[in-house]
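Encoded as structure tokens, the structure appears first; notes follow it.
Ligands are counted one by one from 1 in listed order, and the atoms in each one are counted from 1 as well.
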Amino acid sequence: MHKELENTHKELENTHKELDSIRWEGNVRRVEPYVPGEQPKKPGIIKLNTNECPYPPAPGVREKLSQMDADQFRLYPDTSAGALAEALCEYYHISQDQLFIGVGSDDVLAMAFLTFFNSEKPIYFPDITYSFYDVWAQLYRIPYETKTLTGDFKIRKEDYLEENGGIIIPNPNAPTGILEELEVLEEIIGANPGSVVIIDEAYVDFGGRSCLELIGKYDNLLVVQTFSKSRSMAGMRIGFAMGNPKLISYLNDAKFSFNSYTMNMPSIVLGAEAVKDTAYFQETVGKIIATRERVKMELKKLGFSFPDSKGNFIFASHEKVAAKEIFAALKEKGIFVRFWDRQRIDNHLRITVGTEEEMDIMLAHLKEIVEA
Ligand code: PMP
């Protein structure tokens with residue numbers, strides 16, 4: 001009898017524990033997180049899955065790094081990221097009050113969502129786009145509505161002219177690589193004076209025309225860029241936004257209410273170095289564009305089709321072989337590309353443009369796979 005009572009007591013205790021956990025779980029801010037591309041550590045692999053740059057950062061970056069004094073790490077970094085801000089302002093011909101810097105453009109975008117998308121009305125973005133947007137919307141409880149791209153993955157301007165709580169459009173779009181005309185984006189920005197329009201220009205340096213030229217004209221426009229692609233600095237985590245001083249000041253208010261020392265000292269110093277070397281930047285971007293255009297021709301010969309990408313990646317699907325199959329076969333050979341098992345895009349692969357040699361190896365394997 002005593003044993004039975006003891007067991008009943010234990011069971012009750014367990015039930016209470018479960019109930020308690022359920023109770024606190026009711027207060028958890030739950031979110032289905034963004035899934036970043038794999039960062040495999042195996043040597044010898046060809047990594048074409050996260051749109052990194054295959055070339056090293058500007059030579060000045062390495063030099064500055066070798067001179068870096070670790071003693072400086074005792075101190076908190078400059079909250080204004082002064083050296084980096086100066087270099088960016090000089091390069092883009094803007095003033096410091098038009099610039100916001102963050103830990104990669106993911107950080108800048110997360111801060112911009114928090115700051116500007118604070119309405120009961122839904123924010124708008126394309127249904128096929130950077131898959132972090134809906135994650136931030138869910139995290140912050142921002143109502144959102146995705147706008148269906150056309151069959152050939154283009155945005156429909158009219159979709160963005162209805163009343164909304166904000167708009168975010170990447171240009172070029174990811175993962176399609178499609179570039180939208182500046183005039184179309186200007187119409188959307190101009191038609192929405194009541195909400196902030198964010199243009200995510202992570203890939204604009206590979207052949208796009210930036211909306212930066214419009215920030216003086218529209219106070220609701222925020223242009224976001226990154227060092228992760230065209231400037232070969234994904235590992236340093238540097239992103240920035242450019243816009244009207246009022247927008248930037250609101251962004252800073254949110255950022256300084258969250259974490260003031262976001263940019264670490266090496267990123268500030270080395271980022272500035274990367275911006276200063278304009279010739280190297282142009283050379284790197286030029287090489288990637290040339291490789292991209294060559295790979296497009298080769299892919300076509302192998303029976304692939306794709307939108308005309310203006311990014312550092314190609315969104316390709318094959319006429320006969322399923323993307324999932326090609327993805328697995330390439331991985332087997334140590335070549336990582338990106339595949340999403342998601343409606344409308346589950347027969348496409350996003351292939352980052354690597355070096356000429358990397359592309360040759362990939363193309364040779366693709367030939368084998370599709371002709372097998
Ligand atoms: N925007 C788009 C469209 C992207 O593809 C990426 C890269 N994943 C980012 C923003 C974020 O890049 P980062 O945080 O490295 O600047």
Give one line per pair: atom of ligand 1, protein atom, distance. Only N/O to N/O under 3.5 Å.
from: ligand 1; atom 1: 1 (N); to: D200; atom 2: OD1; distance (Å): 3.3
from: ligand 1; atom 1: 1 (N); to: D200; atom 2: OD2; distance (Å): 2.6
from: ligand 1; atom 1: 5 (O); to: Y203; atom 2: OH; distance (Å): 2.7
from: ligand 1; atom 1: 8 (N); to: Y130; atom 2: OH; distance (Å): 3.2
from: ligand 1; atom 1: 12 (O); to: S105; atom 2: OG; distance (Å): 3.2
from: ligand 1; atom 1: 14 (O); to: S105; atom 2: N; distance (Å): 3.2
from: ligand 1; atom 1: 14 (O); to: D106; atom 2: N; distance (Å): 3.0
from: ligand 1; atom 1: 14 (O); to: D106; atom 2: OD2; distance (Å): 3.4
from: ligand 1; atom 1: 14 (O); to: R237; atom 2: NH2; distance (Å): 2.8
from: ligand 1; atom 1: 15 (O); to: S228; atom 2: OG; distance (Å): 2.6
from: ligand 1; atom 1: 15 (O); to: R237; atom 2: NH1; distance (Å): 2.8
from: ligand 1; atom 1: 16 (O); to: S105; atom 2: N; distance (Å): 2.7
from: ligand 1; atom 1: 16 (O); to: S105; atom 2: OG; distance (Å): 2.7
from: ligand 1; atom 1: 16 (O); to: T226; atom 2: OG1; distance (Å): 2.5
from: ligand 1; atom 1: 16 (O); to: S228; atom 2: OG; distance (Å): 3.4

Pairs satisfying side-chain hydrogen bond (donor to acceptor under 3.5 Å, both in side chains), at least one member in residues 317-326, at least two apart: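 Every side-chain hydrogen bond (donor to acceptor under 3.5 Å, both in side chains) pair that includes a residue of residues 317-326, provided the two are not neighbours, is K324-D341.
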With sequence neighbours excluded, give me every ring-ring contact (aromatic ring centres under 6.0 Å, His included) pair touching residues 145-196. F153-F315, F153-H348
Give every residue pair that meets the ring-ring contact (aromatic ring centres under 6.0 Å, His included) criterion with at least one member in residues 245-303, sequence neighbours excluded.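 For residues 245-303, and leaving out neighbouring residues, the ring-ring contact (aromatic ring centres under 6.0 Å, His included) pairs sorted by first residue read Y76-Y261.
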Among E181, E183, E180, E201, find the residue that satisfies the salt bridge (Lys or Arg N to Asp or Glu O under 4.0 Å) test when tested with R209.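 Of the listed residues E181, E183, E180, E201, the salt bridge (Lys or Arg N to Asp or Glu O under 4.0 Å) partner of R209 is E183.
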Could K229 and F206 be counted as a cation-pi pair, given that NZ or CZ must be under 6.0 Å from the ring centre and within 45° of the axis? no
Does the cation-pi check pass for K47 over F336, that is, NZ or CZ under 6.0 Å from the six-membered ring centre and within 45° of its axis? no
